Amino acid sequence: MTIRQMCEAFDVTPRTLRFYEAKELLFPIREGQKRLFTKRDRARLKLILRGKRFGFSLEEIRQLLELYYVGDQQQTQLQATYGIAQERLNDMESQRDELNEAITDFKTQLDWLGKVIASNADLPAAAE
């Protein structure tokens, strides 16, 4: 696939593809100025984008992709991915819990503020 086809297929920019290439995550075939992406590159990009969506760092993604070539039918890669994914899930759940707590506190404060405003509206206006 050309860079344009990759951009259209994965909804990314050419700059994104060049960045991933510079970070040694993608390895397109170079024909002069032209980049041609292989089936392997497409599979890797799909995994990169999924990893980014789940909050994996590019370095974690790079390391996990490299484990594909260990030669143990991806067992090492799968185990490493599982470990990092479990940590990320725990982080996300912790962030969600903190956000839920902040939302509850915020609602309590808004309710209180609403009551203060309502009680002040019942007071006569100050004499001028």
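The shown structure was predicted, so the numbers you read here are calculated from the model rather than taken from an experiment.
Nearest approach of Ala80 to Leu67, heavy atoms of both residues: CB-CD1, 3.5 Å. Minimum heavy-atom separation, Pro14 to Cys7: N-SG, 3.3 Å. Smallest separation of non-hydrogen atoms from Arg42 and Phe37: NH1-O, 3.4 Å. The two residues Met1 and Ala9 come nearest to each other via the heavy atoms CE-CB, 3.8 Å. Scanning all heavy atoms of the two residues, the minimum distance from Leu45 to Met6 falls at CD2-CE, 3.6 Å.
Ion pairing between Glu24 and Arg44 fails under the 4.0 Å rule for side-chain N and carboxylate O. Taking 4.0 Å as the cut-off between side-chain N and carboxylate O, Arg62 and Glu59 count as a salt-bridged pair. Ion pairing of Arg35 with Glu21 is present here, as a side-chain N (NZ or NE/NH1/NH2) and a carboxylate O approach within less than 4.0 Å.
Interatomic distance, CD of Gln79 versus CG of Asp72, reported as 7.5 Å (0.5 Å rounding). Note that the CG atom of Leu58 and the NZ atom of Lys23 stand 7.0 Å from one another [nearest 0.5 Å]. Interatomic distance, Thr81 OG1 to Gln63 CD, rounded to the nearest 0.5 Å: 11.0 Å.
For the pair Ile61/Leu47, no side-chain contact is recorded, criterion being any heavy-atom separation below 4.5 Å from C-beta on. Under the 4.5 Å side-chain criterion, counting only non-hydrogen atoms from C-beta, Leu99 is in contact with Ile103. You'll find the side chain of Ile48 stays beyond 4.5 Å of the side chain of Phe56, heavy atoms only. Within the 4.5 Å cutoff, no side-chain heavy atoms of Lys34 are placed close to those of Arg30.
Within 6.0 Å of CZ on Arg50 lie no more than 12 heavy atoms contributed by other residues, nucleotides or ligands.
Identified under the salt bridge (charged side-chain N to carboxylate O under 4.0 Å, His left out) test for residues 96-117, with sequence neighbours left out: none.
Under the 4.5 Å side-chain contact rule for hydrophobic residues, Leu26 and Ile29 do not share a cluster. Both Val12 and Phe54 belong to a single network of hydrophobic side chains, linked directly or stepwise wherever heavy atoms of I, L, V, M, F, W or Y lie under 4.5 Å apart. By the rule that hydrophobic residues join a cluster once side-chain heavy atoms approach within less than 4.5 Å of another member, Leu78 and Leu65 end up as members of separate clusters. Placement of Ile3 and Leu36 in two distinct hydrophobic clusters is found when ILVMFWY residues are connected by side-chain heavy-atom separations under 4.5 Å, directly or transitively.
At distances below 3.5 Å, not a single donor-acceptor pair connects side-chain atoms of Ser94 with backbone N or O atoms of Asn90.
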message = Applying side-chain hydrogen bond (donor to acceptor under 3.5 Å, both in side chains) to Thr38 and Asp41, what does each step give before you reach the verdict?
response = CA-CA 5 Å; Thr38 64; Asp41 290 315; 3.2 Å; yes

